[in-house]
Amino acid sequence: MTNHKLVLHYAPRSRASTIRVLLDELGAEYDLKIHNVRERALETEAFLAINPLGKVPVLQDGETIITESVAIALHAADLYSQAGLTPASGDSQRGNYLRWMVFYAESFEPAVVDKAAGFEMPQLLAPYCSYDKVMEALAAQLRNAPYILGDRFSVVDILWGSALRWTLMFDLVPDWPVFADYAERITGRPSFQRVFEEEAALAAVQDESVESHPA
Ligand SMILES: N[C@@H](CCC(=O)N[C@@H](CS)C(=O)NCC(=O)O)C(=O)O
């Protein structure tokens, strides 16, 4: 238990879904602030005061505002370390855990987004070397064990399971069985399935609201 008052700014079918699953897996108590992206709710003055980039997820922890999925995940994982999903400082897996959390934001996402946009970044300029190298490094990490940290399921798997699910869906990563099997293993967990179900219903309500009150 913590006495932190958490509020998650969330929109269905977005990176905020991953954080919702993560908070549920950690057993965190939090309030959900639901936004409708199609109603341009993230472009309002009130929301831009929270995140000037106009993006979700955002986690408010009391007076502190945390943006960026990886920062939110690290913060929540440490707050709820008693859930047993966070290698603590001093744990022999802590470095590996941090490596793969940051690799997601620093190398994987830029590589995937550049590829989707058709940019071929020169290796010397690209902080991730090359798209192919990123994919090979990730596949090598996943090939010999069920989870990123070997036999131990941790917070970092929530991030990667979710990322591989949506990047496979949009053909942004190679359709290698190692990626598909891993994504299925992680997102088949009841925590993911519950959020997917709830947000399918919520997205339908949001879509209907946009269609009945077009801008
Ligand atoms: N770097 C950010 C990316 C956040 C982001 O791209 N969020 C998307 C949803 S997946 C968003 O809010 N899009 C709404 C918009 O741009 O209007 C993170 O990791 O949290």
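Along the sequence shown, residues are numbered consecutively beginning with 1. Every number for a ligand or one of its atoms is a count from 1 in the order of the listing.
- Shortest contact from atom 10 (S) of ligand 1 to any protein heavy atom: Arg15 NH1, 3.0 Å.
- A cation-pi contact links Arg189 to Phe153, judged by a cut-off of 6.0 Å to the six-membered ring centre and 45° from its axis.
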Please tabulate, one pair per line, all N/O donor-acceptor pairs under 3.5 Å involving side-chain atoms of residues 164-180, not counting sequence neighbours.
{"unit_1": "Thr167", "atom_1": "OG1", "unit_2": "Ala163", "atom_2": "O", "d": "2.7"}
{"unit_1": "Thr167", "atom_1": "OG1", "unit_2": "Leu164", "atom_2": "O", "d": "3.4"}

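- Note on Met101: it clusters hydrophobically with Leu23, by side-chain heavy-atom contacts below 4.5 Å among ILVMFWY residues.
- Ranking the protein heavy atoms by distance from atom 17 (O) of ligand 1 puts Val37 CG1, 3.9 Å first.
- Taking any N or O of Ser14, backbone or side chain, none lies under 3.5 Å from an N or O belonging to ligand 1.
- Between the side chains of Tyr182 and Asp157, at least one donor N or O lies within less than 3.5 Å of an accepting N or O.
- Within the 6.0 Å centre-distance limit, the rings of Trp160 and Tyr104 are counted as a close aromatic pair.
- In this structure, atom 13 (N) of ligand 1 lies nearest to the protein heavy atom Lys55 CD, 3.8 Å.
- Heavy-atom proximity to Leu42, at under 4.0 Å, picks out these atoms of ligand 1: 12 (O), 14 (C).
- Comparing heavy-atom distances from atom 18 (C) of ligand 1 across Ala73, Ser69, Ala105, Gly54 singles out Ser69 as nearest.
- Looking only at heavy atoms of the protein, atom 12 (O) of ligand 1 is closest to Val56 N, 2.9 Å.
- Residues forming a ring pair (Phe, Tyr, Trp, His ring centres under 6.0 Å) with His35 (at least two apart in sequence, or on another chain): His9, Phe47.
- Nearest protein neighbour of atom 1 (N) of ligand 1, counting heavy atoms only, is Glu68 OE1, 2.6 Å.
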